[in-house]
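Only one structure is covered here, and it is reproduced in the block below.
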Amino acid sequence: MRKILFLSFIFFYSSVLFAQKNLIPMPQHLEISKQGSFPLKGNLTVGAGAFETQAKYLANQLESLLQTKVTLKKSGPIRFQKINNTAVEKHDYYELKIDPSGVFIAASTESAAFYAVQTLLQLVEENQASGSIPALEIKDYAKFTYRGAHLDVSRHFFTADEVKLFLDYLSRYKMNKFHWHLTDDQGWRIEIKSHPKLTAIGAYRAVTDDVKDSKLTKDGRYGGFYTQEQIKDVVAYANKLQIEIIPEIEMPGHAQAALAAYPELSCAGGPFQVGTTWGVMDDIYCPKEETFALLEDVIDEVVTLFPSHYIHIGGDEAPKTRWKTCAHCQEMIKKEGLKDEFELQSYFIKRMEKYINAKGKDIIGWDEILEGGLAPNATVMSWTGIEGGIHAAKAGHDAIMTPVSHMYLDYYQGNPQSEPLAFNAELRLDKVYSFNPIPKELNAQEAKHILGPQANMWTEYITNFKHVEYMLFPRLLALSEVAWGTSKPEAYKSFENRVIHEFAYLDRKKINYSKAIFELNGNIVSRDGKMYYELSTIKNDNTIRYTTDGTAPTVQSAVYKEPVVVDRTMTINAANFSAARMVGSVLKQDFVISKSTGKSVQLLYEPNEAYQANGTATLVDGVYGNKQYFKKNWLGFNGKDLVATIDMAEQVSFSNVELNVVDQNASWIYYPQAVKVYVSQDNQNFTLVQEVGKEVIAKSKGTIKLSFEKQHAKFVKVEVQHLNKIPAGSGGAGSPAWLFVDELSVY
């Protein structure tokens with residue numbers, strides 16, 4: 001009997017331990033006690049102590065959760081206390097102790113007390129069915145002071161109530177900054193009383209297919225804006241959730257909605273329409289006095305609405321096309337002693353920064369504000385990669401890390417075949433969780449300038465709030481743990497289990513979320529000179545069945561037991577099965593095998609960190625990249641050539657080289673100018689055997705074939721020359737062009 005009781009205790013204690021480890025984000029220190037539990041049944045009393053606001057908030061939340069009366073008094077079994085010791089040096093430090101006598105919250109600040117409440121509420125939800133919270137002790141704090149998320153309301157508009165829901169989601173997971181993207185080419189969303197046409201004209205655009213089911217104005221336009229009263233209400237709501245709202249007023253680019261209202265602020269004079277397409281527009285603010293006067297008026301009203309320390313002024317993707325041909329701009333460059341249009345943008349940003357600083361605020365800008373010289377007090381939001389953040393930190397400026405490689409939530413989070421429409425790139429849950437906001441290139445002193453991470457929700461393809469939820473969850477959970485500083489990429493599976501557990505909460509709240517982590521995944525690996533296709537799923541109760549002849553898998557198809565050898569051109573179709581029923585969608589992968597498939601490749605220049613796919617193996621894995629989906633199976637180079645040397649392992653005969661490239665100018669991606677093929681026996685001395693120029697490439701439709709006399713060689717070098725600068729008259733003119741390349745096939 002004693003043995004049975006002992007085993008029962010071990011089972012109970014293990015269950016308790018597991019339950020408390022479902023917290024997200026995981027606390028810095030968590031210790032489970034064996035000393036009983038605190039009962040949740042009956043009437044509860046919350047003692048306010050030093051944190052009356054948080055005590056009231058907790059009492060209201062407990063009443064809603066437990067459907068029982070919760071009394072607020074000066075003291076009680078659930079009580080608050082302010083910490084006054086060295087622990088306050090930690091950001092948002094709090095302690096939470098639970099034992100049979102009560103719940104004790106000690107916090108260093110109002111926000112820290114709020115985060116303690118969020119942890120406690122997760123524990124209450126977790127243990128509600130059992131009627132008590134097991135005894136435990138938590139000592140917790142945030143690694144980063146900036147833990148942000150961004151929402152673009154310009155491309156598609158979301159109501160004030162929907163924005164409040166977004167804030168609710170952030171607060172549960174201890175996020176503390178909300179970057180509100182309020183102006184862009186496709187819509188101006190903030191009421192400015194001194195310039196009413198900004199919303200009367202700039203807040204609405206002509207209807208396109210993406211908004212055909214939306215609520216339109218009487219004259220058939222799409223859009224909307226927030227009144228100043230609505231903004232004040234949202235800001236007050238965020239303040240209760242300990243979230244700072246940072247407004248973004250874009251300048252000098254992404255200004256077409258404003259120029260539609262006030263065309264005289266442009267270089268060309270208009271007329272303009274509010275943007276109905278995505279991408280980068282050439283018409284931007286002209287740096288003349290009437291432009292600065294209007295923007296200063298805008299800032300005057302913005303600073304009265306947002307108590308935030310920051311105002312985000314954009315600064316990204318500002319083509320210099322109009323400035324180069326504008327007499328006023330060229331005269332200003334001479335007058336101010338500027339070198340070029342990039343320094344003119346720096347002049348624009350610095351002038352606006354000076355005005356904003358005079359209002360007691362600091363600016364944040366996307367990393368393009370580094371071009372031409374960084375404004376004196378600016379904080380850099382590093383999005384094109386981590387380099388902008390590194391540059392800023394080394395120069396003594398603060399930086400917020402939001403690189404496209406890890407922090408863009410408008411990317412697919414699963415197989416595009418089964419996911420809703422998204423931007424043509426991929427960002428899975430594990431990639432978000434793997435992000436370290438502090439670059440290894442920084443020393444300890446420089447690292448102090450990294451304020452924290454932020455995830456961005458751009459909404460070109462996100463037309464309604466349910467879709468926003470879907471793109472936010474579950475990636476917000478990974479972001480929260482990265483930002484709090486307790487993520488452990490090496491223990492990703494443990495985090496994944498907590499995410500799956502959290503799905504029950506999302507279901508109860510009717511929050512839409514992606515189940516991409518349950519997908520069947522395929523992974524190409526090379527081993528012992530052979531190439532294999534590995535299949536995996538986190539659902540252990542299902543059986544994977546597959547075919548290699550292109551037919552759909554059925555319950556009679558082969559059961560997957562080990563990686564499939566890929567030694568010929570084939571199509572693998574695979575799916576999960578439970579009993580006699582297929583679960584989920586079919587995973588399809590085509591392989592086209594050539595003499596270079598699976599061989600070793602060396603690159604002269606590394607691809608951009610956001611578009612590295614599976615590294616150099618991507619170029620010879622037998623898989624052709626989807627030309628509408630750039631993240632997977634493509635290597636992307638920004639302002640660089642692809643120079644790839646393939647080691648064929650032995651001397652082989654061949655007379656053809658084939659490769660795939662992309663031409664999608666709206667995304668700044670262009671065909672190469674030339675492609676050259678060289679051969680070598682020793683990887684030192686190379687001979688040019690064929691080259692093609694831009695005329696042939698333009699006719700290739702993206703698949704470039706080079707034929708030549710039969711060669712016998714061990715090394716093949718392929719040189720793909722990028723366009724260099726985007727030409728005048730195109731979106732992003734003057735910026736480095738992107739080059740995307742996949743599959744170097746040797747025949």
Side-chain angles (χ1 to χ4, degrees), residues 149-158 162 166 169 179 181 184-186 208-214 275-280 317 383-384 402-435 454-479 499 506 511-522 584-589 608-613 625-634 636 662 664 666-669 738 740 742:
H150 151 289
L151 180 62
D152 167 18
V153 297
S154 295
R155 275 47 178 260
H156 287 99
F157 180 66
F158 307 100
E162 289 170 335
F166 194 88
Y169 302 154
H179 175 176
H181 187 81
D184 214 298
D185 296 308
Q186 294 80 17
T208 51
D209 287 343
D210 61 299
V211 294
K212 61 185 177 181
D213 296 325
S214 299
T276 57
T277 59
W278 320 131
V280 179
E317 298 178 332
W383 76 276
T384 57
T402 178
V404 292
S405 57
H406 293 78
M407 293 283 108
Y408 267 46
L409 302 184
D410 57 327
Y411 289 5
Y412 286 103
Q413 52 193 322
N415 187 343
Q417 297 173 348
S418 55
E419 289 280 294
L421 182 65
F423 186 81
N424 45 21
E426 179 181 295
L427 179 62
R428 291 183 179 261
L429 183 68
D430 60 335
K431 188 67 176 290
V432 178
Y433 195 69
S434 71
F435 182 52
Q454 175 177 292
N456 295 332
M457 181 79 73
W458 300 104
T459 61
E460 286 92 338
Y461 304 103
I462 303 175
T463 62
N464 60 74
F465 193 71
K466 278 298 176 186
H467 196 175
V468 169
E469 290 179 342
Y470 188 91
M471 304 304 281
L472 187 64
F473 289 102
R475 291 181 290 194
L476 173 62
L477 311 184
L479 169 65
V499 168
L506 300 180
I511 296 172
N512 195 24
Y513 62 93
S514 170
K515 300 180 180 68
I517 60 174
F518 295 126
E519 277 183 356
L520 183 61
N521 294 314
S585 57
V586 174
L587 175 66
K588 178 182 179 181
Q589 185 60 70
N608 183 277
E609 63 178 322
Y611 299 101
Q612 293 181 346
N626 183 329
K627 291 176 182 176
Q628 301 302 316
Y629 181 54
F630 308 140
K631 187 70 175 181
K632 193 173 184 179
N633 303 122
W634 292 96
V662 175
Q664 193 168 111
S667 298
W668 297 16
I669 305 171
W738 282 90
F740 277 79
D742 180 45

_Between Thr276 and Gln186, is there a side-chain heavy-atom distance shorter than 4.5 Å?_
no
*asked:* Treating Arg475 as the side-chain partner and Leu409 as the backbone partner, does any N or O pair qualify as donor plus acceptor under 3.5 Å?
replied: yes
_Between Glu469 (side chain only) and Asn512 (backbone N and O only), is there a donor and an acceptor less than 3.5 Å apart?_
yes
*Lys NZ or Arg CZ of Lys431 over Tyr433 ring: under 6.0 Å, within 45°*: no
_If you define the side chain from C-beta out and look only at heavy atoms, does anything of Leu427 sit under 4.5 Å from Met407?_
no
*Are the side chain of Asn456 and the backbone of His150 linked by a donor-acceptor contact shorter than 3.5 Å?*
no
*From CA spacing to verdict: side chain to side chain contact (heavy atoms under 4.5 Å, CB included), Asp410, Tyr461*: CA-CA 8 Å; Asp410 57 327; Tyr461 304 103; 5.8 Å; no
*Do Gln413 and Tyr470 meet the criterion of a side-chain donor-acceptor pair at a distance under 3.5 Å?*
no
*Would you mind reporting whether Val468 and Phe158 have side-chain heavy atoms less than 4.5 Å apart?*
yes
*What is the ring orientation for Tyr611 with Trp738, classed by angle as parallel under 30°, tilted 30 to 60°, or perpendicular over 60°?*
perpendicular
*Report yes if the side chains of Leu472 and Phe166 come closer than 4.5 Å at any heavy-atom pair, otherwise no.*
yes
_Test of ring centre spacing under 6.0 Å for Phe423 and Tyr408_ = no
*CG/Asn608 to OG1/Thr384 distance, rounded to the nearest 0.5 angstrom?*
7.5 Å
*Answer with yes or no whether the side chains of Gln454 and His179 bring together a donor and an acceptor at under 3.5 Å.*
yes
*Is any side-chain heavy atom of Glu460 less than 4.5 Å from a side-chain heavy atom of Trp278?*
yes
*State the CG-OG distance between Leu429 and Ser514, to the nearest 0.5 angstrom.*
9.0 Å
*Flag the pair Met471 / Thr459 as yes when at least one side-chain heavy-atom distance between them is below 4.5 Å, and no otherwise.*
no
*Side chain of Asn464, backbone of Lys466: donor and acceptor closer than 3.5 Å?*
yes
*Between His406 and Trp383, ring centroids under 6.0 Å*: no
*Is a side-chain donor-acceptor pair under 3.5 Å present for Thr463 with Asp210?*
no
*Quick one: does Asn424's side chain get under 4.5 Å of Trp634's, heavy atoms only?*
no
*Using a strict cut-off of less than 4.0 Å between a Lys/Arg side-chain nitrogen and an Asp/Glu carboxylate oxygen, indicate whether Glu519 and Arg428 qualify as a salt bridge.*
yes
